[in-house]
Amino acid sequence: MTHSPLIAALDYPSLDAAREGAARIAPYVGMVKVGLELFVEAGPEAARLGEAVGLPVFLDLKLHDIPATVERAVARAAGLGVRLLTVHAGGGPAMLDAAVKRAAKENTGLSLLAVTVLTSLEEQDLREVGVESSVEAHVLRLARVAAGVGVEGFVCSPQEASLLRRELGAVTLVTPGVRGQGDAAGDQKRVATVAEAIAAGADWLVVGRPLRDAPDPAAAARRLAEEARAALATRSASSRAEAP
């Protein structure tokens, strides 16, 4: 099929289970994501899972530490050949700048994504840690800090994708918390359907439990890919209609 904007989150307890899961859904997704659970279990070998299924890897470690430590971690990730790597925008401009410069120096094609506000959080959660602004305002504040030092990709919920697209222009937007029609939200609070996320301007959609926990993961991936393809066609038609 044509390019799929779906990123399958390989949130499995073992490398063998992740490899099997990736093989089942590979024809219908554009990338696979390796997060903390699998990376802690299997280490760098997990970052090479994409090779077996012919897909790039998104290494979702959400780096947040002092600049020197993050810089060295970016270098190690670049050496693994991954396509995307997350850093927390809340780490501040010095940390983000060090990460951007090291990724450029390594010159492996690694792109950084700045995580703004986790999709498991909402305004009450932010207030409890001292953030009095709205989720949208805080997302934009963090994104502007990251963009100011050269970060060109962002992780945000589907609810903030249109805001960042409008304010930051031609950046890469990755949205977790994406569900198919009728899928449960789980512990995510700021979620949206595939069609809603694409309409909001997302480039990549991270899907985890709706694929991993489906009775037939391949069928679920195919259904979501078809929803995404239809939504992309609608967005493209709308853009052409709005063009001067």
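FYI, side chains are in, hydrogens and waters are out, and symmetry mates aren't considered; it's all heavy atoms of this structure.
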Check the pair Thr172 / Trp204 against side chain to side chain contact (heavy atoms under 4.5 Å, CB included), numbers first and verdict last. CA-CA 8 Å; Thr172 298; Trp204 290 98; 4.1 Å; yes
To the nearest 0.5 Å, what is the distance between CG on Asp65 and CZ on Arg72? 9.0 Å
To the nearest 0.5 Å, what is the distance between CG on Leu63 and OG1 on Thr69? 10.0 Å
Between Ile7 and Val32, is a side chain to side chain contact (heavy atoms under 4.5 Å, CB included) present by the stated rule, with each step listed? CA-CA 5 Å; Ile7 298 177; Val32 291; 5.9 Å; no
Closest non-hydrogen atom pair, Pro176 against Cys156: CD-O, 3.2 Å
Exceeds 12 heavy-atom contacts within 6.0 angstrom, atom CD of Glu37: yes
Tell me whether Arg127 contacts the main-chain N or O of Glu132 through its side chain, where contact means a donor paired with an acceptor under 3.5 Å. no
Between Asp125 (side chain only) and Glu122 (backbone N and O only), is there a donor and an acceptor less than 3.5 Å apart? yes
Within a strict 4.5 Å, meaning less than it, do heavy atoms of the Val135 and Glu160 side chains meet? yes
Kindly give the heavy-atom pair with the smallest separation between Ala220 and Leu211, and that separation in Å. C-CD2, 3.8 Å
When you measure from the side chain of Arg235 to the backbone N and O of Ile198, does any donor-acceptor pair fall under 3.5 Å? yes
Ignoring hydrogens, what is the shortest heavy-atom contact between Ala228 and Pro5? Give both atom names and the distance. CB-CG, 3.8 Å
Straight-line distance of Leu59 CG to Leu113 CG, nearest 0.5 Å: 10.5 Å
Between atom NE2 of His64 and atom CG of Leu96, what is the distance when rounded to the nearest 0.5 Å? 9.0 Å
Could you tell me which non-hydrogen atom of Lys33 sits nearest to which non-hydrogen atom of Ala9, and how far apart they are? CE-CB, 3.6 Å
Checking side-chain polar atoms at under 3.5 Å, does Ser157 have a donor or acceptor matched by the opposite partner on Gln159? yes
Run Glu167 and Arg144 through salt bridge (charged side-chain N to carboxylate O under 4.0 Å, His left out) and show every step you take. CA-CA 9 Å; Glu167 296 293 329; Arg144 281 176 169 160; 2.9 Å; yes
Run Asp203 and Arg165 through salt bridge (charged side-chain N to carboxylate O under 4.0 Å, His left out) and show every step you take. CA-CA 10 Å; Asp203 297 296; Arg165 179 65 69 207; 2.8 Å; yes
Side-chain contact, heavy-atom cut-off 4.5 Å: Ser134 with His138? no
Taking the side chain as everything from C-beta on, heavy atoms only, tell me whether Leu110 gets closer than 4.5 Å to Val74. yes
Where is the tightest heavy-atom contact between Ala26 and Val53, given as atom of each residue plus distance? CB-CB, 3.9 Å
Evaluate whether atom CZ of Arg83 has more than 12 neighbouring non-hydrogen atoms of other residues, nucleotides or ligands under 6.0 angstrom away. no
How long is the straight-line distance from CG of Leu84 back to CG of Asp60, given to the nearest 0.5 Å? 9.5 Å
Should Val34 and Leu36 be counted in the same cluster of Ile, Leu, Val, Met, Phe, Trp and Tyr side chains packed under 4.5 Å apart? yes
Sub-3.5 Å donor-acceptor pair from the side chain of Thr86 to the main-chain atoms of Leu61, do we have one? yes
Step by step, work out the side chain to side chain contact (heavy atoms under 4.5 Å, CB included) result for Arg76 and Leu80. CA-CA 7 Å; Arg76 301 288 81 74; Leu80 295 175; 6.0 Å; no
Surrounding NZ of Lys101 (heavy atoms of other residues, nucleotides or ligands, distance under 6.0 Å), is the total greater than 12? no
Nearest atoms (heavy-atom pairs only) where Val100 meets Gly150: CG2-C, 4.1 Å
To the nearest 0.5 Å, atom OH of Tyr12 lies from atom CG of Leu38 at 10.0 Å
Derivation and outcome, salt bridge (charged side-chain N to carboxylate O under 4.0 Å, His left out), residues Glu226 and Arg223: CA-CA 5 Å; Glu226 289 170 352; Arg223 172 176 59 84; over 6 Å; no
Can you check side chain to side chain contact (heavy atoms under 4.5 Å, CB included) on His88 and Val115, steps first, answer last? CA-CA 5 Å; His88 263 294; Val115 176; 3.7 Å; yes
Without swapping roles, check the side chain of Thr175 against the backbone of Ala161 for a donor-acceptor pair under 3.5 Å. no
So do the side chains of Val178 and Thr193 get within less than 4.5 Å of each other, counting heavy atoms only? no
